[in-house]
Amino acid sequence: MQKYFNINYEFDREQVHRSIDERLGRNGSDYICVADGVILNTANRNREYLDVVNGGMFAICDSSYVPLYVKWIYNTRYQQYSGSEIFIDVISRRRHRMIFLGTNNQILNGLRTQLLKVNPDVAGMQFVELPFCKVEDFDYKGIADMIEADGADIVWVALGAPKQEYFMSLLKPHLSHGVMIAVGAAFKFFSGTDTKRAPQWMVRHHLEFVHRLSQEPKKQFRRCFDIIRTLPVILYREWRVSKR
């Protein structure tokens, strides 16, 4: 695990999966954040949120730009590991019982149908729509009781950032077992009913944000504006850290 831009990243994909298996072998619960550019930006403007992001096991790097920034500043090479990738990697391994929390029933039903093609075990797993409410208003004890009764090892959470990270941090004390992973739009991408992820050529050329802008212009333009406004300061601070 390495700290860049104040976030504890784990870039090694195999180590991510080893860490999940090791954590599931011990008592207690924990969570993994999937840190894209929005999370990087928000965490560096909000100390409370930064503590939440770093309060779990680690964050994986769901940004094709962070590895570029690290290469420019430190001349060290890393690769992106997106939420969509870890989502399908864990599901296709068929090693864990899982539960899927968030979004709405239309997307959840489509997601179940699509994931059955990857992992037939999904047929016996729960897909649960969560109520639309403020993050502090969820019934965390009730949700934890449901997860414990289910016996899930992996708890997938799709509520959107920053809500889903706060949700995991508040649910963690109520769980005696399991690893939560917040995957944002992955439920939509794999449901076949909503927004699709950008083509791989756009991902490879760091143009995924253009695709997201075309899919959700109002939401994504606001996010891009916030990132562009604060990114120079974040990069400068990290450059200063590298010189120390």
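All values derive from a computational prediction rather than experimental measurement.
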To check you understand the geometry: which heavy-atom pair defines the closest contact between [X] and [Y], and what is its length?
{"X": "Ile32", "Y": "Met168", "answer": "O-CE, 3.5 Å"}
{"X": "Gly102", "Y": "Leu130", "answer": "N-CG, 3.8 Å"}
{"X": "Ile99", "Y": "Ala152", "answer": "CG2-CB, 3.8 Å"}
{"X": "Leu40", "Y": "Val66", "answer": "CD2-CG2, 3.9 Å"}
{"X": "Ala161", "Y": "Ile39", "answer": "CB-CG1, 3.8 Å"}
{"X": "Gly142", "Y": "Asp139", "answer": "N-OD1, 3.0 Å"}

side-chain hydrogen bond (donor to acceptor under 3.5 Å, both in side chains) with His177: which residues, sequence neighbours excluded? Asp153
At what distance, to the nearest 0.5 angstrom, does [atom1] of [X] lie from [atom2] of [Y]?
{"X": "Arg13", "Y": "Gln80", "atom1": "CZ", "atom2": "CD", "value": "8.0 Å"}
{"X": "Ser63", "Y": "Asn41", "atom1": "OG", "atom2": "CG", "value": "11.0 Å"}
{"X": "Phe58", "Y": "Gln2", "atom1": "CZ", "atom2": "CD", "value": "11.0 Å"}
{"X": "Leu115", "Y": "Ser92", "atom1": "CG", "atom2": "OG", "value": "10.5 Å"}
{"X": "Lys141", "Y": "Ile143", "atom1": "NZ", "atom2": "CD1", "value": "12.0 Å"}
{"X": "Ile107", "Y": "Asn104", "atom1": "CD1", "atom2": "CG", "value": "4.0 Å"}

Looking just at side-chain N and O atoms, do Glu85 and Ser82 make a donor-acceptor pair shorter than 3.5 Å? yes
Do we see a donor-acceptor contact under 3.5 Å between the side chains of His174 and Asp145? no
Selection residues 158-184 - residue pairs positive for salt bridge (charged side-chain N to carboxylate O under 4.0 Å, His left out), sequence neighbours left out: Asp30-Lys172
Would you call Asp121 and Arg97 a salt bridge, taking side-chain N to carboxylate O under 4.0 Å as the test? no
Are Arg93 and Asp89 within salt-bridge range, i.e. N to O under 4.0 Å? no
Could you go through Tyr166 and Tyr49, starting from their C-alpha distance and side-chain angles, then the distance that decides it, and tell me whether this counts as ring-ring contact (aromatic ring centres under 6.0 Å, His included)? CA-CA 8 Å; Tyr166 281 111; Tyr49 183 56; 5.5 Å; yes
Parallel, tilted or perpendicular, judged at 30° and 60°: which one describes the rings of Phe87 and Trp156? perpendicular
In terms of the angle between their ring planes, are Phe138 and Tyr140 parallel, tilted or perpendicular, with boundaries placed at 30° and 60°? perpendicular
Which residues satisfy the salt bridge (charged side-chain N to carboxylate O under 4.0 Å, His left out) test with Arg112, sequence neighbours excluded? none
What verdict does the side chain to side chain contact (heavy atoms under 4.5 Å, CB included) test give for Met57 and Met1, after you've listed the backbone C-alpha separation in whole Å, the side-chain angles of each residue and the deciding distance to 0.1 Å? CA-CA 10 Å; Met57 294 166 61; Met1 186 166 62; over 6 Å; no
Could you walk me through whether Gln164 and Val135 pass side chain to side chain contact (heavy atoms under 4.5 Å, CB included), step by step? CA-CA 8 Å; Gln164 62 194 9; Val135 72; over 6 Å; no
Quick one: are Ile60 and Ile86 in side-chain contact, heavy atoms under 4.5 Å? yes
